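Remember, predicted model here, so these are calculated numbers, not experimental data. Any value given below was found using the heavy atoms of this structure, including those in side chains, with hydrogens, waters and symmetry copies removed.
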Amino acid sequence: MIAKIGKAGANTRGVLNYLYGPGRANEHTDPHLVASFDGFAPDPGRDEEATLTQLATVLDLRVKQAGDRAPEKHVWHCSVRAAPEDRVLTDDEWAVIARRVLNATGIAPAGDPDACRWVAVRHADDHIHIVATKVRGDLTPARHWNDYPRADKECAAIEKEYGLRQVVRGDRTAAKRPTRAEQEKALRAGHTATPRERLRATVRTTVAAATGTEEFFAILRSAGVLVDIQHFPSGDIRGYKVALADDKNAKGEPVWFSGSTLAPDLSYPKISERLAPTEPNSTSQHSGRRRTAWQQVADAADRIPDVLDDADDAAGQAHITVLAETLDALPLIAPASYRPQLAQAAAAFERASRSRIRAQHQQSQATRRAIKAIVREPAPKDGALLAVLLDALLLAVVAAQQWHHTRHHDQQAEAARQAAEHLHAAYQAAAIQPLTVIHQRGLSLTVTVQQRQATLVRQALPDLAEQILAEPSWPALAATLADAHKAGHDPTVLLAESTRRRELDTATSISDVLVWRLHRLVGVAGERPAHPDSASTTRQGSSAAVPVPSRQQPPRRGSR
């Protein structure tokens, strides 16, 4: 059940005209009162002698009595809507719900003789509209501070008591939704997304790619975005606004959006904090050889589940933020065939990137540098590295979902679940070709080598060995184990480590999963990865297992 409180108005009769009218598309049927402040308000919908003017006069009585002391915007309007799958509530049930919402918001506290005047109008099966005038019986203004969160909390309680769908609720950190007018304007212009949404996506991608604030603004302008930078008298940047050249108001002027109106984390202070320069971390090199930016990002993504399990909340939120930046950057550099799913994953995870927890961005700056580097570094010709990265990101997104879920961040957890579905589809497409190549190499192994790898699996994973050896992808895993051995690694140790760090219960093809885990552990080029941010965010030597997400939440990894 959702309560939506509109902006205060100044025309009581105008609101009633809409509620008792046919609706924008003749969708209103049988408009009538289900409740009122005293139970005797005139009902133009059911009483032939009652008029809208009479009802408006009754509601406005105290407004007129207060005179100049009455607020100019004196009309309070709240719609309360049930979910489409909910049962049809009776008028009596809606009357109780209206009184509970009015009590919770402070408009009409139960038992208060001076409460504001109000009516609840029903003109459809699934919702009601509550209209009140914001002057109390003692002619003082209504006391309805924080009315939206209070109404939302009451709706959550009503859902449970009435057996209705329990809506996923947020923490007021979500980006502002486009208005209906913005959506209709976008459709007239032939766009599926509104200017607000298009700008939000562009700014988020630019933050992921830029190495500083100057470059951030330069990239925006090069992308055709209009940029207006505001400064303090000292010359320091105070904020910024952006607009699209093809989005004009009635006067032919660009429609500007400040960063904070696009999303809470896109204000200039938030962006500049993430773009603050830091010293390079020496862990980007290992054994004298520099790992590519792609490898560094894969390493960091692989570490995120452990970080979320071990680190404090501020560090965990920082790594979820940088995970979102990774997803934002991928559509810029991935092969064209994978971009739609990756863009959808990034758009979905955008909601999961913010919570009430303030992120400590210095905890993830090494990973952020690697993300910016992959935008400037040629994409690897070997498709295995992209598959490795997507596999690691999928695990990280699932871990982020569980992190949010355990903290009751319902909207963020649902957003992460949706992102995982899109990322999973991209992974499946990207993994086909490199897995086929590895599989063919596995088929070419001698019987002796295959038997040796089978023995290793039986020793390292006795409970899973027979299932793995019977899988179609076993030859690919055998080839990967043989490559690791040639590179000087102990395959038994690698198998034990790869199964310790992640669950395998939901995998229908354990071989596929282990192929990419082993690739991440030894590196596609045969070197052990370094974790850019691990020293500052996790307990050294921790062997804590990652919490296993509920099977109803993330997609099954076994479909990979």
Side-chain angles (χ1 to χ4, degrees), residues 208 278-311 315-316 318-327 329-330 333-334 362-380 382-400 423 427 430-431 434 480 483-484 487 489 493-494 497-502 513-544 546:
T278 58
E279 292 297 322
N281 194 317
S282 60
T283 57
S284 63
Q285 302 208 4
H286 182 75
S287 301
R289 297 179 59 186
R290 182 186 181 277
R291 290 177 64 76
T292 67
W294 281 74
Q295 290 170 320
Q296 292 180 50
V297 174
D299 296 343
D302 185 46
R303 190 64 175 169
I304 284 176
D306 287 338
V307 171
L308 295 181
D309 190 31
D310 290 349
H319 280 79
I320 289 177
T321 301
V322 85
L323 174 58
E325 292 178 25
T326 308
L327 297 177
L330 275 185
I333 51 179
Q362 68 273 17
Q363 301 281 9
S364 57
Q365 288 291 39
T367 302
R368 186 168 281 112
R369 284 193 300 272
I371 295 169
K372 299 177 190 310
I374 64 174
V375 179
R376 295 160 174 80
E377 189 174 277
D382 183 1
L385 188 51
L386 176 60
V388 167
L389 176 56
L390 293 180
D391 180 76
L393 289 172
L394 177 56
L395 283 169
V397 168
V398 170
L423 200 58
Y427 162 81
T480 304
D483 291 344
H489 300 286
V493 174
L494 293 178
E497 185 174 354
S498 62
T499 54
R500 175 188 68 80
R501 296 182 62 203
R502 306 286 186 272
V513 176
L514 291 178
V515 164
W516 302 126
R517 294 185 185 180
L518 292 173
H519 269 276
R520 288 202 300 274
L521 287 172
V522 304
V524 175
E527 52 183 299
R528 291 302 295 268
H531 299 295
D533 302 306
S534 60
S536 61
T537 59
T538 62
R539 298 190 299 267
Q540 296 298 312
S542 171
S543 59
V546 175

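Judged by distance alone, with hydrogens and angles left aside, the side-chain atoms of R303 form no donor-acceptor pair with the main-chain N or O of D299 at under 3.5 Å.
Between H489 and V493, the closest side-chain pair of non-hydrogen atoms is not below 4.5 Å. Using a 4.5 Å heavy-atom cutoff, the side chains of D483 and L518 are not in contact. Side-chain contact between I304 and I320: absent, with no pair of heavy atoms (C-beta onward) separated by less than 4.5 Å.
Of all non-hydrogen atoms in W516 and A384, the two that sit nearest each other are CZ3-O, 3.8 Å. Closest of all the heavy-atom pairs between A387 and P434 is CB-CG, 4.2 Å. The minimum heavy-atom distance between E325 and I371, with the atom names listed, is O-CG2, 4.0 Å. Residue L514 comes nearest to S498 through the heavy atom pair CD2-OG, 3.6 Å, listed as atom of the first residue, atom of the second, then distance. When all heavy atoms of W294 and I374 are compared, the pair lying nearest together is N-CG2, 3.5 Å.
Partner of R368 under the side-chain contact (heavy atoms from CB on, under 4.5 Å) criterion, out of V297, V322, T326: V322 alone.
Take A334 and apply the side chain to side chain contact (heavy atoms under 4.5 Å, CB included) test, not counting sequence neighbours, and it matches L342. In this structure, the side chain to side chain contact (heavy atoms under 4.5 Å, CB included) partners of A298, at least two apart in sequence or on a different chain, are V388, L389.
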